[in-house]
Amino acid sequence: MPPECVVDTTVLQKANAPLKQKLREHSQFAARHRLLHNLFTGKQTLLVSKRLLHEYRTQIPEPRNENIRMLFELISDHSGRILFNWKKPWSGGDRDKAHRCRFPNEDTHVLRTAVRPSGSVIITEEGRMLSADSCIHRQFRVHIIKPW
């Protein structure tokens, strides 16, 4: 099975710009679009939850390029390359572990979506989430990485 990941909304927001010219291979913008390509081709499996999907749709009301448009189509077609995951129940102990790791409280829904028995990855550009990687990995088997 391809590696499972949760993509933070900020990554998608930053990828949601018009594609007017060829992407520079080593740019951060190109890295975001390589990530989207990996999701389309099945090299990675996207984990989403109802809450995260709602956040995607409210924070990105209008796709500005074909890759973001294709991502929303991929999510809605239930093709198997998307897994809906919401670990239940999310106990107070899990919230406390995330808090002790200094994981941002407003992004707990992202972490909840990422928790899987086999482990997974959160892809983000937010420094507060990235700085919690080692502690979150020890507690939940979830790594937090940049898209590049």
Side-chain angles (χ1 to χ4, degrees), residues 1-17 19 23-91 93-95 97-98 101-148:
M1 176 169 235
E4 297 175 343
C5 67
V6 174
V7 179
D8 186 33
T9 307
T10 58
V11 174
L12 298 179
Q13 287 175 313
K14 291 177 181 181
N16 191 31
L19 297 173
L23 299 176
R24 289 189 337 249
E25 185 178 340
H26 299 293
S27 71
Q28 294 174 357
F29 190 68
R32 294 177 194 114
H33 284 274
R34 277 191 299 277
L35 167 64
L36 293 172
H37 181 74
N38 288 343
L39 295 172
F40 303 147
T41 59
K43 291 180 184 174
Q44 287 184 282
T45 301
L46 181 64
L47 298 169
V48 294
S49 62
K50 288 180 183 178
R51 172 117 185 247
L52 191 58
L53 185 55
H54 175 73
E55 183 175 290
Y56 288 170
R57 289 190 173 135
T58 57
Q59 297 296 320
I60 307 167
E62 181 182 335
R64 295 185 190 145
N65 63 60
E66 190 60 27
N67 288 336
I68 295 294
R69 199 171 357 274
M70 285 174 52
L71 177 69
F72 282 112
E73 288 175 14
L74 186 68
I75 290 171
S76 62
D77 79 4
H78 302 283
S79 65
R81 289 178 280 174
I82 305 292
L83 292 176
F84 287 89
N85 184 50
W86 188 267
K87 179 186 174 286
K88 293 180 182 179
W90 184 253
S91 70
D94 289 336
R95 256 186 247 101
K97 288 177 192 177
C101 288
R102 297 179 183 240
F103 191 83
N105 191 45
E106 66 274 10
D107 290 319
T108 303
H109 64 288
V110 177
L111 178 59
R112 282 183 74 176
T113 306
V115 174
R116 300 280 288 166
S118 58
S120 70
V121 173
I122 295 173
I123 300 172
T124 187
E125 297 179 39
E126 289 194 32
R128 289 176 49 211
M129 289 174 73
L130 290 163
S131 66
D133 173 52
S134 60
C135 183
I136 291 295
H137 186 256
R138 279 192 307 274
Q139 298 296 327
F140 298 99
R141 298 187 58 191
V142 173
H143 269 299
I144 305 169
I145 62 171
K146 292 181 180 180
W148 53 86

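We number each residue from 1, following the sequence as shown.
Across all non-hydrogen atoms, the minimal contact from K43 to P3 is O-CD, 3.2 Å. Between Q44 and C5, the shortest heavy-atom distance links the atoms NE2-SG, 3.9 Å. Between V7 and L52, the closest heavy-atom pair is O-CD2, 4.3 Å. Taking both residues in full, the closest heavy atoms of A98 and I136 are given as CA-CD1, 4.2 Å, listed atom of the first, atom of the second, then distance. Considering all non-hydrogen atoms of both residues, L74 and F40 come closest at CD2-CD2, 4.1 Å. V115 and F140 make their closest contact through CG2-CD2, 3.9 Å (heavy atoms, listed as atom of the first residue, atom of the second, distance).
No side-chain heavy atom of M70 sits less than 4.5 Å from a side-chain heavy atom of L39. Residues S120 and L47 meet the side-chain proximity criterion, which asks for heavy atoms closer than 4.5 Å. With a 4.5 Å cut-off on side-chain heavy atoms, L19 and F29 count as touching. Residues K50 and F84 fail the side-chain proximity criterion, which asks for heavy atoms closer than 4.5 Å. The closest side-chain heavy-atom distance from H109 to W86 is below 4.5 Å. The shortest distance between side-chain heavy atoms of I122 and T113 does not fall below 4.5 Å.
A side-chain donor-acceptor contact under 3.5 Å links N16 to the backbone of E62. N65 contributes a side-chain N or O that, together with a main-chain N or O of A17, makes up a donor-acceptor pair within less than 3.5 Å. Although no hydrogens or angles enter the test, the distance criterion places no donor-acceptor pair under 3.5 Å between the side chain of R32 and the main chain of P147.
Taking the six-membered ring where tryptophan is involved, the planes of H137 and H143 are essentially parallel, since the angle between them stays under 30° and well short of 60°.
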Given T124 and D107, is the side chain to side chain contact (heavy atoms under 4.5 Å, CB included) satisfied, shown in steps?
CA-CA 11 Å; T124 187; D107 290 319; over 6 Å; no
Side chain to side chain contact (heavy atoms under 4.5 Å, CB included) assessment of F103 paired with K97:
CA-CA 9 Å; F103 191 83; K97 288 177 192 177; over 6 Å; no
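Taking OG1 of T10 as the start and CD1 of I123 as the end, the distance is 11.0 Å to the nearest 0.5 Å. For the atom pair OG (S49) and NE2 (H54), the distance works out to 11.0 Å, reported to the nearest 0.5 Å. Interatomic distance, Y56 OH to Q13 CD, rounded to the nearest 0.5 Å: 10.5 Å. Atom CG of L111 sits about 7.5 Å away from atom CE of M129, to the nearest 0.5 Å. Here the CG atom belonging to D133 is positioned 12.0 Å from the NZ atom belonging to K146, to the nearest 0.5 angstrom. Separating the CG atom in N67 from the CG atom in L36 is a distance of 5.5 Å, to the nearest 0.5 Å.
With sequence neighbours excluded, the residues satisfying side-chain hydrogen bond (donor to acceptor under 3.5 Å, both in side chains) with T9 are E55.
Around CZ of R69, the count of heavy atoms belonging to other residues, nucleotides or ligands within 6.0 Å exceeds 12.
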